[in-house]
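Just so you know, these numbers come straight off a predicted model, no measurement behind them.
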Amino acid sequence: MGHPPVVTRFAPSPTGFLHIGGARTALFNWLYARGRGGKFLLRIEDTDRARSTPEATEAILKGMAWLGLDHDGEVISQFENAPRHREIALEMLAKGHAYKCFATQDEIAAFREAARAEKRSTLYQSPWRDAAPETYPDAPYVIRLKAPREGVTVIRDQVQGDVTIRNDQLDDMVLLRSDMTPVYMLAVVVDDHDMGVTHVIRGDDHLNNAARQMMIYTAMDWPVPTYAHIPLIHGADGKKLSKRHGALGVDEYQKLGYPAAGVRNYLARLGWSHGDDEFFSDAQAIEWFDLNGIGKSPSRFDFKKLENLCGQHIAATDDAALQRELGQFLQVTGQNPIPEDKKPAMNRAMYCLKDRAKTFFQLIEKAEFSLASRPIQPDEKAAKLLDNVSRGILRELTPHLQNANWTRDALEDAANGFGETHDLKFGKLAGPLRAALAGRTATPSVFDMMLVLGRDETIARLQDATNG
RNA sequence: GGCCCGUUCGUCUAUCGGUUAGGACAUCUGGUUUUCAACCAGGAAAGAGGGGUUCAACUCCCCUACGGGCUACCA
């Protein structure tokens, strides 16, 4: 039978950072295309010259790169296609699918105001729709779509189902402004058509617009793409995402220390499901993702769950990749990079670090013991554990460790044996040991630290602490 | 105002007419433990409300309530 090749796209407007909702829309498009051997295109909707900035475009590109959402082909600028959009509008005019409207904005505004006051429909019906060209004044005009006034337009949406809108509810939208610049609604349709987009997956704030856009497809006799309008993401309070609660740019999530894989997993699972699967890889997401698994209701953003998933992803990521991502994290948060001479130790430590961290912040905190140089500066809590009594215990314990084989079992035996002969619970030993070795109170197991540090460094740190 | 969409545990969701309404995160209790993280056992926790249709409804239909979107010469 042969399916036509799938082409999806993400089309943000460059008016700010890439927020989490946009990121999810991009992710869905990416997953859908990647799972079907299709193409995922990126188009910047920069027709609003006043609000579009190159910085925003840059932020969007960066955000997508961090999330690993690679697009096919060049980034397309919608603004640059304006001549083509105009061409189509003129073609529609020539074919009688559009007309010149000389109504001024003031006139229209006055009409709407009056209509609202009288509780009539505010739908504007231009008197120029069927006016004879001889009656045209010598004045500026816009080009409007000559939309059907009867019948209905049915959006066959893959998420929302069939949505029927009566044509008499839709006005003759403007295609070309009086300065002959194309309007967004026209630009999207022309670009999607020219780019060969087969599946339009976007926020459901565009659902109603889809009916209007379909009229352009119909007028041009172009095939209508498959639509999937996905519900928006809300904040934890159920309200629309705002700066206050989570409408952060994706770069903020990166700075918060969340790994991209975890964010992808969380975002994919937010509003989409594949049975009871919660934790999955990109490969699985790509294989499983489908439009019919997308829910119809808006979902709320939950940092706790994000964090949980991120922890699982950090634990599942291989050490080399983790090192790389950690490096990026340190860079974007303006922290010092891992010194070259500390990297081997950190590498050795990775196995006991990664399953105890949910974010890169926690990872670096727990890695501190492998990064620090003697003498270790204990933080406040650790310093308290190194009182005179504890130091005395450590002083006695040190030779026992020093003489042990440097294996986990032998070290444990040495510590436990020492504890028994001195009638000390291991907990009494572990605290001071941790403080001496790491200068911190939240670390991997003391034995893991000893193994990572090696005999010489371990003993030296213990001596530093007991002599100090 | 008009039109459109939505509503299952606190949150994300499963269910696609017949289930003790399942899972995950969070939460609570107990256990384990070497701090952190984790782990083990268990608990509490849901079909917005009202009408239908049906032998049977969370599931289909209608109404209401609540939430959201669109209604621009913004995107």
Colleague: On the nucleotide A72(B), are OP1 or OP2 found under 4.0 Å from the side-chain N or O atoms that R112(A) carries?
Modeller: yes
Colleague: Applying ring-ring contact (aromatic ring centres under 6.0 Å, His included), run through F279(A) and H313(A) and close with a yes or a no.
Modeller: CA-CA 8 Å; F279(A) 171 69; H313(A) 273 96; 4.7 Å; yes
Colleague: Should C58(B) form a Watson-Crick or G-U wobble pair with both distances under 3.5 Å, which nucleotide is its partner?
Modeller: none
Colleague: What's G203(A) touching, base or sugar-phosphate or nothing? Going by heavy atoms closer than 4.0 Å.
Modeller: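 Touches nothing.
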Colleague: Which is true for R144(A) with a 4.0 Å heavy-atom rule: it touches a base, it touches only sugar-phosphate, or it touches nothing?
Modeller: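 Sugar-phosphate: the residue R144(A), judged by heavy atoms under 4.0 Å, touches backbone atoms but no base.
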Colleague: Just to be sure I understand the rule, does T181(A) reach a base, reach only the sugar-phosphate, or reach nothing, if contact means heavy atoms closer than 4.0 Å?
Modeller: nothing
Colleague: Nearest of C12(B), G6(B), A75(B) to any side-chain atom of S297(A)?
Modeller: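 In terms of side-chain proximity for S297(A), the closest of C12(B), G6(B), A75(B) is G6(B).
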Colleague: Rounded to whole angstrom, note down the P distance from G23(B) over to U7(B).
Modeller: 22 Å
Colleague: Let me confirm one number: the CH2-CZ distance from W272(A) to F28(A), rounded to the nearest 0.5 Å.
Modeller: 8.0 Å
Colleague: Can you tell me how far P in C60(B) sits from the matching atom in G6(B), rounded to whole Å?
Modeller: 10 Å
Colleague: Which value, in whole Å, describes the distance between the C1' atoms of nucleotides U8(B) and A14(B)?
Modeller: 10 Å
Colleague: List for me each residue that meets side chain to side chain donor-acceptor pair (under 3.5 Å) alongside R356(A), sequence neighbours excluded, and say none if there are none.
Modeller: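 Expected list: none.
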Colleague: On a whole-Å scale, what distance lies between the P atoms belonging to A45(B) and U32(B)?
Modeller: 28 Å
Colleague: In residues 156-165 of chain A, which ones come under 4.0 Å of RNA chain B, going by heavy atoms?
Modeller: Q160(A), V163(A), T164(A)
Colleague: Which pairs with one or both residues in residues 104-121 of chain A pass salt bridge (Lys or Arg N to Asp or Glu O under 4.0 Å), sequence neighbours excluded?
Modeller: E118(A)-R120(A)
Colleague: Please encode protein proximity along nucleotides 20-36 of chain B as a string of B, S and -, counting only heavy-atom distances under 4.0 Å.
Modeller: --BBBSS-------BBB
Colleague: Check nucleotides 65-69 of chain B for protein N or O atoms closer than 3.5 Å to its own N or O atoms and list the pairs.
Modeller:
unit_1, atom_1, unit_2, atom_2, d
G69(B), O2', D205(A), O, 3.4
G69(B), N2, N208(A), ND2, 3.1

Colleague: For A382(A), report the nucleic acid contact type (base, sugar-phosphate, nothing); a contact means any heavy atom under 4.0 Å.
Modeller: nothing
Colleague: In whole Å, measure the gap between the P atoms of A44(B) and A24(B) for me.
Modeller: 15 Å
Colleague: If I take atom CD in residue E118(A) and atom P in nucleotide G1(B), what distance separates them, rounded to the nearest angstrom?
Modeller: 17 Å
Colleague: With a 4.0 Å limit, can you tell me whether R116(A) has a side-chain N or O closer than that to the phosphate oxygens OP1/OP2 of U71(B)?
Modeller: no
Colleague: Is there a Watson-Crick or G-U wobble partner for A14(B) with both distances under 3.5 Å, and which nucleotide is it?
Modeller: none
Colleague: Using purine N1 to pyrimidine N3 plus N6-O4 or O6-N4 for Watson-Crick, or N1-O2 and O6-N3 for G-U wobble, each under 3.5 Å, what pairs with G67(B)?
Modeller: C5(B)
Colleague: For I294(A) and C5(B), what is the distance between atoms CD1 and P respectively, to the nearest whole Å?
Modeller: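 Atom CD1 in I294(A) sits about 18 Å away from atom P in C5(B).
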Colleague: Report the residues that fulfil side chain to side chain donor-acceptor pair (under 3.5 Å) with D194(A), sequence neighbours left out, ordered by chain and then residue number.
Modeller: R84(A)
Colleague: Categorize S299(A) for me: base, sugar-phosphate, or nothing, with a 4.0 angstrom heavy-atom threshold over every strand shown.
Modeller: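 Result for S299(A) = sugar-phosphate.
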Colleague: Go through the structure and list residues passing side chain to side chain donor-acceptor pair (under 3.5 Å) with Q169(A), not counting sequence neighbours.
Modeller: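 So Q169(A) forms no side chain to side chain donor-acceptor pair (under 3.5 Å) with any residue.
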Colleague: Output every pair passing ring-ring contact (aromatic ring centres under 6.0 Å, His included) with a member in residues 138-169 of chain A, not counting sequence neighbours, ordered by first then second residue.
Modeller: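 Only F102(A)-Y141(A) qualify under ring-ring contact (aromatic ring centres under 6.0 Å, His included).
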Colleague: With nearest nucleotides of RNA chain B determined for D179(A) and R24(A) from heavy-atom distances, which residue corresponds to the more 5′ nucleotide?
Modeller: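 Whichever sits nearer the 5' end wins; that is R24(A).
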Colleague: Name the nucleic acid region contacted by Q105(A), choosing base, sugar-phosphate or nothing; use a 4.0 angstrom heavy-atom cut-off, strictly under.
Modeller: base
Colleague: How far, in whole Å, is C5(B) from G10(B) if one measures between their P atoms?
Modeller: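 Going atom to atom, P in each nucleotide, I get 28 Å.
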Colleague: Classify the ring geometry of F303(A) against F301(A): parallel below 30°, tilted from 30° to 60°, perpendicular beyond 60°.
Modeller: perpendicular
Colleague: Counting only Watson-Crick pairs (N1-N3 plus N6-O4 or O6-N4) and G-U wobbles (N1-O2, O6-N3), all under 3.5 Å, who is the partner of C39(B)?
Modeller: G31(B)
Colleague: Taking 4.0 Å as the cut-off, does a side-chain nitrogen or oxygen of S121(A) come that near to OP1 or OP2 on G1(B)?
Modeller: no
Colleague: Does F329(A) have any ring pair (Phe, Tyr, Trp, His ring centres under 6.0 Å) partners at least two apart in sequence or in another chain, and if so, which?
Modeller: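 Testing F329(A) for ring pair (Phe, Tyr, Trp, His ring centres under 6.0 Å), a comparison that skips the adjacent residues, returns F360(A), F361(A).
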Colleague: Would you say the side chain of S178(A) and the base of C73(B) hold a donor-acceptor pair, judged only by whether the two atoms sit under 3.5 Å apart?
Modeller: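 By the distance-only test, yes, there is a pair.
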Colleague: Write down the distance between CG (L145(A)) and C1' (A72(B)), rounded to a whole number of angstrom.
Modeller: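 The answer, rounded to whole Å, is 15 Å.
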Colleague: Report the distance from atom NE2 of H274(A) to atom P of U15(B), rounded to the nearest whole Å.
Modeller: 11 Å
Colleague: Kindly state each residue pair satisfying salt bridge (Lys or Arg N to Asp or Glu O under 4.0 Å) with at least one member in residues 422-435 of chain A, sequence neighbours excluded.
Modeller: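 Qualifying pairs: none.
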Colleague: Distance check, C1' atoms only: A56(B) and C63(B), in whole angstrom units.
Modeller: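 Comparing C1' positions in A56(B) and C63(B) gives a spacing of 23 Å.
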Colleague: Would you mind classifying the nucleic acid contact of M185(A) as base, sugar-phosphate or nothing, using non-hydrogen atoms under 4.0 angstrom?
Modeller: base
Colleague: Closer than 4.0 angstrom, basic N to acidic O: yes or no for R408(A) and D448(A)?
Modeller: yes
Colleague: Considering Watson-Crick and G-U wobble pairs with both distances under 3.5 Å, what does A21(B) pair with?
Modeller: none
Colleague: Considering every strand shown, what is the Watson-Crick or G-U wobble mate of A72(B) when both distances are under 3.5 Å?
Modeller: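 None - no nucleotide pairs with A72(B), as no candidate has both distances under 3.5 Å.
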Colleague: Is there a Watson-Crick or G-U wobble partner for A45(B) with both distances under 3.5 Å, and which nucleotide is it?
Modeller: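 Pairing partner: none.
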Colleague: What is the separation between atom OH on Y99(A) and atom P on C73(B), rounded to the nearest whole Å?
Modeller: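 From Y99(A) OH to C73(B) P: 11 Å.
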Colleague: Figure out the CZ/P separation between F369(A) and A37(B), and round it to whole Å.
Modeller: 17 Å
Colleague: Taking only residues at least two apart or on different chains, which pairs with a member in residues 422-441 of chain A satisfy ring-ring contact (aromatic ring centres under 6.0 Å, His included)?
Modeller: F418(A)-H422(A), F426(A)-F447(A)
Colleague: Write down the distance between CD (Q169(A)) and P (C5(B)), rounded to a whole number of angstrom.
Modeller: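 So the two atoms are 12 Å apart, to the nearest Å.
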Colleague: Determine the Euclidean distance between corresponding P atoms of C16(B) and C58(B); express it in Å to zero decimal places.
Modeller: 14 Å
Colleague: Looking at F10(A), does the NZ or CZ of R43(A) lie under 6.0 angstrom from its six-membered ring centre and within 45 degrees of the ring axis?
Modeller: no
Colleague: Compute the ring centroids of Y227(A) and H229(A), then answer whether they are less than 6.0 Å apart.
Modeller: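 Centroid separation for Y227(A) and H229(A): below 6.0 Å.
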Colleague: Under 4.0 Å between any heavy atoms, over every strand shown, what does V174(A) touch: base, sugar-phosphate, or nothing? Just pick one.
Modeller: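 The residue V174(A) makes sugar-phosphate contact but no base contact.
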Colleague: For D282(A), what residues pass the side chain to side chain donor-acceptor pair (under 3.5 Å) criterion, not counting sequence neighbours?
Modeller: R264(A)
Colleague: Taking only N and O in the side chain of S273(A), is any of them less than 4.0 Å away from OP1 or OP2 of A14(B)?
Modeller: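 For S273(A), the contact criterion (side-chain N or O under 4.0 Å from OP1 or OP2 of A14(B)) is met.
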Colleague: Tell me the interatomic distance from I233(A), atom CD1, to G6(B), atom P, rounded to whole angstroms.
Modeller: 19 Å
